[in-house]
Amino acid sequence: VEFAVTQVNFVLLGFGNVGRAFARLLLAKRGELRQRYGLDWRVVGIATGRHGAALDPEGIDLEAALALAEAGQSLASLSPVQVPATNLGLIRASQADVLFETTPVNYQTGQPAVDHLRAALEAGMHAISANKGPVVHAYRELSDLARARGRCFYFESAVMDGAPVFSLWREALPGARLLSFRGILNSTTNLILTRMEEGQSFKDAVAYAQSIGVAETDPSGDILGWDAAVKVAALATVLMDRPLKPDQVERQGIEGLTAAVVAAARAGGRRWKLVCQAERTPEGVRASVRPEEVEVGDPLFGVMGTSSAVTFHADVLSGLTLVEENPGPQTTAYGLLADLLNAVRG
Ligand SMILES: NC(=O)c1ccc[n+]([C@@H]2O[C@H](COP(=O)([O-])OP(=O)(O)OC[C@H]3O[C@@H](n4cnc5c(N)ncnc54)[C@H](OP(=O)(O)O)[C@@H]3O)[C@@H](O)[C@H]2O)c1
């Protein structure tokens, strides 16, 4: 069967857990993308923080890049041409069609990711990010720029990994108005609470979450509720069209919950969860992150371990719940792929 194949060139900014999982997903789905979507891809640029960068207009050997990155080595040897000294230079020199941005989140300013995404859009690329920072700090600016250039700024993986949260509202719920949402959006704290219910102390539960790579070496951003607050701000900003900064989200973490308090709730048939919520008010949006005891019938009651969930209430549809079970970097990678396919098919 003859069909038209479109060649698309990618530049990857960040080649860590998510960037590499995305590379593996691209390799695994190469044939399927060609057959189902007529899409043939090439990675022409990769940049990291401390592991060098590579640029090759003919396409970088992605298997070799994965091997080097996994061995902790620099990617520089994969570059037949001189790599520009800065990421902005690399983005422009790549002449790619799509930028995938998977660098660490900067909660305060969203930088330097905002500058990188802007440069990609200005150069006529689609800009796709797994990073919450640019969503809370530059959603309006980058979306307006994308629209003006006839390109997309998409960020499905920034909240709930690969689950279709942003595209659900963009593509599948036309004409619906989001009134409120309530969910569990931080995997680390939900895992800690699950372990505490199983009898572990707070400290041991944190150590366990770190040992399996879910919690960071400094887990305070999760435990104090900052990560959850940034996600609430991102959802409110995009889905309610009300720019909300993380420090405008009323925030309480799980640091005060002891094993005894968690056990007492269980004895009473309830569970502690770090509940994220936001609702429209006449003045704007009221949003919070705080531990709550939830009852058996609550959609959040059965969300355990690293799973997450959100219930949306819209003017035309009440109580639509999305649950994502035990996501990982490969789920986040799928969010990037979904963004790509949504962007290129227009
Ligand atoms: N892990 C998940 O499942 C998940 C889920 C949803 C969203 N996210 C978001 O996805 C992003 C990536 O997460 P991750 O787990 O992949 O992090 P990671 O493993 O720490 O990887 C980050 C990557 O970015 C590179 N980097 C750092 N600063 C850079 C810069 N200025 N320019 C270019 N590259 C730079 C790092 O390079 P070096 O290592 O060489 O410094 C590394 O390759 C974060 O924003 C995170 O919040 C992650």
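The first residue of the sequence shown is numbered 1, and numbering continues consecutively from there. Hydrogens, waters and symmetry mates play no part in the numbers below; they use all other heavy atoms, side chains included.
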> Between atom CD of Q108 and atom CG of D247, what is the distance when rounded to the nearest 0.5 Å?
Replying inline: 10.0 Å
> Looking only at heavy atoms, what is the nearest atom pair of R242 and G284, with distance?
Replying inline: NE-CA, 3.6 Å
> Can you list the steps and then say if T332 with N17 is a side chain to side chain contact (heavy atoms under 4.5 Å, CB included)?
Replying inline: CA-CA 10 Å; T332 309; N17 293 310; over 6 Å; no
>> Can you confirm whether W41 sits close enough to L33 that some side-chain heavy atom of one is under 4.5 Å from a side-chain heavy atom of the other?
In response: yes
>> Determine whether N131 and S129 satisfy the following criterion, side-chain hydrogen bond (donor to acceptor under 3.5 Å, both in side chains), listing intermediate values before the conclusion.
In response: CA-CA 5 Å; N131 188 342; S129 179; 4.9 Å; no
>> What I'd like to find out is whether the side chain of E198 reaches to under 4.5 Å of the side chain of T194, using heavy atoms alone.
In response: yes
>> side chain to side chain contact (heavy atoms under 4.5 Å, CB included) for V5 and R34? Distances and angles first, verdict last.
In response: CA-CA 7 Å; V5 172; R34 219 184 128 83; 3.8 Å; yes
> Is any side-chain heavy atom of Q277 closer than 4.5 Å to a side-chain heavy atom of S180?
Replying inline: no
> Is it true that V11 and F155 fall in one hydrophobic cluster, defined by side-chain heavy atoms closer than 4.5 Å?
Replying inline: yes
>> Membership question, hydrophobic clusters at under 4.5 Å side-chain separation (ILVMFWY): are F10 and L99 in the same one?
In response: no
> From N326 CG over to E324 CD, what is the distance, rounded to the nearest 0.5 angstrom?
Replying inline: 9.0 Å
> How about E171: does its CD atom have over 12 heavy atoms from other parts shown lying under 6.0 Å from it?
Replying inline: yes
> Which atoms form the tightest heavy-atom contact between F181 and L178, and what is the distance?
Replying inline: CD2-CD2, 4.1 Å
> Side chain of D40, backbone of Q7: donor and acceptor closer than 3.5 Å?
Replying inline: no
> Which distance, rounded to the nearest 0.5 Å, do you find between the CG of D56 and the CG of D61?
Replying inline: 9.5 Å
> Of R140, R280, R177, which is the lone residue that meets side chain to side chain donor-acceptor pair (under 3.5 Å) with D241?
Replying inline: R140
>> Is the shortest side-chain heavy-atom distance between R182 and E292 below 4.5 Å?
In response: yes
>> Looking at E197 and R266, would you say the former's side chain and the latter's main chain have a donor-acceptor pair under 3.5 Å?
In response: no
>> Using the rule given for side chain to side chain contact (heavy atoms under 4.5 Å, CB included), can you reason through M125 versus I91, listing the C-alpha separation, both sets of side-chain angles and the distance that settles it, and then say yes or no?
In response: CA-CA 10 Å; M125 303 177 199; I91 291 165; 3.9 Å; yes
> Does any non-hydrogen side-chain atom of E122 lie less than 4.5 Å from one of R149?
Replying inline: yes
> Just wondering, more than 12 heavy atoms not from E255 lying within 6.0 Å of its CD?
Replying inline: yes
> Heavy-atom distance under 4.5 Å between the side chains of L27 and E63, does that happen here?
Replying inline: yes
> Would you say Q330 and L25 make side-chain contact, with heavy atoms under 4.5 Å?
Replying inline: no
> Which heavy atom in N87 sits nearest to a heavy atom in A47, and how many Å separate them?
Replying inline: OD1-CB, 3.4 Å
> Taking all non-hydrogen atoms of both residues, which atom of L257 and which atom of P291 are closest, and how far apart?
Replying inline: CD1-CB, 4.1 Å
> Short question: side chain of H51, backbone of L75 - any donor-acceptor pair under 3.5 Å?
Replying inline: no
>> Parallel, tilted or perpendicular: which one describes the rings of W169 and F312, with boundaries at 30° and 60°?
In response: perpendicular
> Can you list the steps and then say if K132 with H137 is a side chain to side chain contact (heavy atoms under 4.5 Å, CB included)?
Replying inline: CA-CA 9 Å; K132 302 167 273 289; H137 292 288; over 6 Å; no
>> Can you tell me how the ring of F22 sits relative to the ring of F100, calling it parallel under 30°, perpendicular over 60° and tilted otherwise?
In response: tilted
>> Give me the atom names and distance for the closest heavy-atom approach of P246 to V230.
In response: CG-CG2, 3.8 Å
>> Closer than 3.5 angstrom, by distance alone: can the side chain of H126 be matched with the main-chain N or O of C152 as a donor-acceptor pair?
In response: yes
>> With a sphere of 6.0 Å drawn around OH of Y334, does it hold more than 12 non-hydrogen atoms of other residues, nucleotides or ligands?
In response: no
> Between E70 and R24, is there a side-chain N and carboxylate O pair less than 4.0 Å apart?
Replying inline: yes
> What's the shortest heavy-atom distance between G319 and T311, and which atoms?
Replying inline: CA-CG2, 3.8 Å
> Do the side chain of K29 and the main chain of L337 share a donor and acceptor less than 3.5 angstrom apart?
Replying inline: no
> What is the distance from atom CE of M196 to atom CZ of R271, rounded to the nearest 0.5 Å?
Replying inline: 14.0 Å
>> Does any part of the side chain of V114, heavy atoms only, come nearer than 4.5 Å to the side chain of T109, both counted from C-beta?
In response: no
> With D227, which of L274, V289, D222 fulfils side-chain contact (heavy atoms from CB on, under 4.5 Å)?
Replying inline: D222
> Hey, does the side chain of E101 reach the backbone of T103 with a donor-acceptor pair shorter than 3.5 angstrom?
Replying inline: yes
> Would you say L341 and V18 are hydrophobically clustered, going by side-chain heavy atoms of ILVMFWY under 4.5 Å?
Replying inline: yes
> How long is the span from the CG atom in L90 to the CG atom in L55, to the nearest 0.5 Å?
Replying inline: 5.0 Å
>> Quick check against the 3.5 Å criterion: does T237 have a side-chain atom that pairs as donor or acceptor with the backbone of A233?
In response: yes
> Does one hydrophobic cluster hold both Y154 and L142, with members joined at side-chain heavy-atom distances below 4.5 Å?
Replying inline: no
> Are the side chain of R20 and the backbone of F15 linked by a donor-acceptor contact shorter than 3.5 Å?
Replying inline: yes
>> Grouping I, L, V, M, F, W and Y whenever their side-chain heavy atoms are under 4.5 Å apart, do V165 and I184 come out in a common cluster?
In response: no
> Under the 3.5 angstrom rule, does the side chain of Q210 hit a backbone N or O of T217 as a donor-acceptor pair?
Replying inline: yes
>> Applying side-chain hydrogen bond (donor to acceptor under 3.5 Å, both in side chains) to T281 and E279, what does each step give before you reach the verdict?
In response: CA-CA 6 Å; T281 64; E279 70 176 315; over 6 Å; no
>> Can you tell me how far apart CZ (R195) and OG (S201) are? Round to the nearest 0.5 Å.
In response: 10.5 Å
> Got a donor-acceptor contact below 3.5 angstrom from the H116 side chain to the Q111 backbone?
Replying inline: no
